[in-house]
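Working notes, beginning with the structure itself.
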2 protein chains.
Amino acid sequence: MNLKQLSELLGLSQTTVSRALNGYTDVSEATRARVRAAAEAHDYRPNTRARALATGRSRVIGHVIPKISSHAMVNPIFADFIAGAGETYSSAGYEMLISVVDLAQEEKAYLSMKRRGLVDGLIVSAPRMNDPRIALLDGIGLPYAVHGRATGTDRQYSWLDVNNRRAFTRATDFLMDLGHRRIGLVNGLETMDFAHRRRQGYEEALRARGIAIDPNLMRQDEMTEGYGWRAARDMLAQPDPPTAFLVSSVICMLGVRRAIEEAGLVLGRDVSAVTHDDQLSYLRDDGAVPAFTATRSSVREAGQRLARMVIDRIDNPEGPHVQELLEAELIIGRSTGPAPR
Amino acid sequence: MNLKQLSELLGLSQTTVSRALNGYTDVSEATRARVRAAAEAHDYRPNTRARALATGRSRVIGHVIPKISSHAMVNPIFADFIAGAGETYSSAGYEMLISVVDLAQEEKAYLSMKRRGLVDGLIVSAPRMNDPRIALLDGIGLPYAVHGRATGTDRQYSWLDVNNRRAFTRATDFLMDLGHRRIGLVNGLETMDFAHRRRQGYEEALRARGIAIDPNLMRQDEMTEGYGWRAARDMLAQPDPPTAFLVSSVICMLGVRRAIEEAGLVLGRDVSAVTHDDQLSYLRDDGAVPAFTATRSSVREAGQRLARMVIDRIDNPEGPHVQELLEAELIIGRSTGPAPR
DNA sequence: GGTCCTGTCCAAAGCGCTTTTGTAACAGCC
DNA sequence: GGCTGTTACAAAAGCGCTTTGGACAGGACC
């Protein structure tokens with residue numbers, strides 16, 4: 001059933017049927033009701049492609065996953081973020097298009113998306129320091145919003161980020177309030193903007209209390225369970241081991257906990273640990289008192305809000321850029337306690 | 001730059017330019033080269049929407065994420081699967097569209113995708129027992145391929161699945177060869193087809209050697225770290241505890257390992273464990289000898305192949321259905337050893 | 001010379017919508 | 001009665017492609 005057939009069936013012109021369904025006021029309410037009923041009865045849906053061609057807007061928003069050589073960079077965050085964004089899109093009448101693109105082809109891919117009229121806007125993920133994509137997209141003229149910030153760029157752009165610096169400052173303060181003085185940092189890769197900011201927050205808090213920053217207590221790597229384990233194990237084996245850890249993700253934290261337990265120590269008593277928790281649905285902590293003390297910020301919610309942000313930019317491309325800084329909650333769980341004396 | 005402008009620039013008709021670029025033979029090679037060069041020079045890309053409207057094919061394949069009330073069901077598998085499928089799509093000139101849909105609206109969503117001409121085909125994920133979606137999609141007439149199988153349906157359809165039954169039979173046999181007789185099963189939710197099949201494989205292997213099946217050694221739940229921990233802890237606390245575990249995912253396995261270590265036992269010596277490993281990129285095991293003995297099958301590869309499968313169905317909708325059963329490898333790691341006597 | 005290919009190219013229709021630009025019909029007003 | 005406004009509909013253009021159905025020139029063949 002297409003518009004032509006529906007209009008013939010109703011004895012009306014395509015114009016009238018189209019305008020009736022799209023809420024124009026130059027259609028009488030009686031006619032509109034009749035059209036609506038017929039559309040409903042025959043389950044008529046306007047063809048997306050034709051509508052897109054006629055309006056010049058595809059109502060599709062693109063997400064790009066960069067691929068390095070043969071491996072796509074899949075982030076544990078990805079699934080929940082997508083789910084959040086997808087919820088906003090579907091309630092706003094947008095579709096989400098995901099494209100796996102060679103990292104080296106990323107520039108071309110954005111341009112091609114614009115040229116082909118594939119998407120109305122983009123979400124930019126995992127910004128790196130001095131990320132070149134921002135200038136690029138401004139040049140192309142495709143609305144976008146960034147998940148995170150790109151330190152080093154002085155352009156204006158729309159972004160949403162967690163206040164990673166503040167979160168880690170607070171976590172560090174919290175541990176110091178409990179009497180901890182030697183705090184190990186099990187960070188993500190510091191080429192990633194968020195990890196860089198977390199270290200800043202950590203160092204800032206230590207400096208504020210006049211505690212020396214010890215490079216032996218700082219690690220960075222991709223956030224796997226194994227990395228968490230190795231990092232914590234090594235630091236605990238040092239002459240003057242940390243009494244607490246600051247960890248960048250729950251997956252890492254699982255490894256940190258293992259290292260602590262293997263060392264014959266008890267988490268939350270002998271050694272404390274705070275992790276950042278993105279509230280990933282498949283890692284959720286279902287206890288009454290959470291297992292881990294955490295700086296918590298839902299990545300799904302970030303997805304929802306960022307999706308809204310691109311849509312707003314599409315609706316008003318010349319509008320002012322919007323920045324949203326989400327504060328992470330500090331949730332007390334069973335993984336922290338007073339420093340042993 | 002659109003087709004009209006390009007053709008005017010070349011002094012050719014739109015027809016000729018279009019046919020030159022699309023490889024038709026009624027264009028001389030000299031002209032084709034000239035057209036190609038101009039297209040290249042001006043970075044011309046045919047507008048996707050116009051082409052889709054003209055050809056009646058969108059070159060988009062849909063993936064649906066069902067949403068239960070306010071929570072999308074996000075599977076840890078999801079990200080890697082998508083990445084795999086995305087790789088195939090981008091090299092085959094397809095795009096991937098992901099739609100978050102209320103579980104109750106799923107039927108409508110498929111129909112709407114067809115009616116709106118949004119996608120050329122679909123991937124169906126996480127089939128349940130007697131899954132109604134198969135009959136539904138056959139009725140709608142949208143090509144699709146299923147990730148997994150739906151026990152209980154006698155229709156023919158195209159699917160790709162891991163041989164879960166065989167994988168768990170082999171793993172059980174392997175443990176029994178090492179002398180284990182009491183083997184705990186830490187399974188996923190058995191409403192999921194794959195979990196159902198894994199239990200079958202486990203029970204079959206036990207029966208084949210005349211070992212009684214003990215309901216006290218079988219658990220099922222959503223596969224979190226916490227669930228793995230609780231399941232293993234509880235079973236180990238039983239009067240006649242298992243000497244080995246069969247675990248449904250690496251995340252669960254992390255919990256199982258923790259329970260074993262907390263009980264003062266050593267994994268791979270006092271207690272053995274085999275897990276299924278989907279080779280998720282963010283849980284990869286980077287040691288020389290893997291930490292876990294595992295039935296291993298890459299979900300990313302599954303994504304790649306399944307994407308190819310839908311594309312084939314789109315190209316030849318009346319062709320015979322294809323089924324692909326991937327055998328999981330049994331990889332020996334450090335988590336298994338002879339049963340203690 | 002006429003016929004029949006063959007190799008190249010093109011005009012125009014069509015995909016299914018939206019939107020612009022009318023155009024009747026009717027009412028209100030002097 | 002003539003003018004202006006308003007309301008409710010429709011004809012037709014246009015979005016940017018692909019595809020159908022020629023058209024035309026040149027060579028081969030009889």
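Note on naming: letters A, B, ... go to the chains in the order of the sequence lines (proteins, then strands), and numbering restarts at 1 for each one. Atoms considered below: every heavy atom in the structure, side chains included; atoms not considered: hydrogens, waters and symmetry mates.
Using a 4.0 Å heavy-atom criterion, one finds that A/D26 contacts the bases of the nucleic acid, with or without backbone contacts as well. At a threshold of 4.0 angstrom between heavy atoms, the contacts of B/R19 include nucleobase atoms, whether or not backbone atoms are also involved. Counting non-hydrogen atoms under 4.0 angstrom, A/T55 reaches the backbone sugars and phosphates but no base. Using a 4.0 Å heavy-atom cutoff across all strands shown, B/S28 reaches sugar-phosphate atoms only and no base atom.
Side chains of A/R51 and A/T55: no donor on one and acceptor on the other come within 3.5 Å.
Taking 4.5 Å as the limit, some side-chain heavy atom of A/L12 sits within range of a side-chain heavy atom of A/T31. Contact check for B/S99 versus B/M113: side-chain heavy atoms found under the 4.5 Å cut-off. Inter-residue side-chain proximity for A/R115 and B/D43 is flagged as met; some heavy-atom pair is nearer than 4.5 Å.
Side-chain atoms of A/T16 stay outside donor-acceptor range of the base of D/dA8, with no qualifying N/O pair under 3.5 Å.
Spacing between atom CD of A/E8 and atom C1' of D/dA11 amounts to 14 Å, rounded to whole angstrom units. Between the CG atom of A/L10 and the P atom of D/dC9 there is a distance of 11 Å, given to the nearest Å. Between B/Q14 atom CD and D/dT19 atom P there is a gap of 14 Å when expressed in whole angstrom units.
Classified by interplanar angle (parallel below 30°, tilted 30° to 60°, perpendicular above 60°), the ring pair B/Y282/A/Y282 is tilted.
The 5' end of DNA chain C is approached more closely, in terms of each residue's nearest nucleotide, by B/R32 than by the other of A/L53 and B/R32.
Ion pairing between a basic and an acidic side chain is recognised when a charged N comes within 4.0 Å of a carboxylate O; B/R59 and B/E95 show no such pairing.
First and last contacts of DNA chain C with chain B, using any nucleotide atom under 4.0 Å from a protein heavy atom and ordered 5' to 3', fall at C/dT8 to C/dG16.
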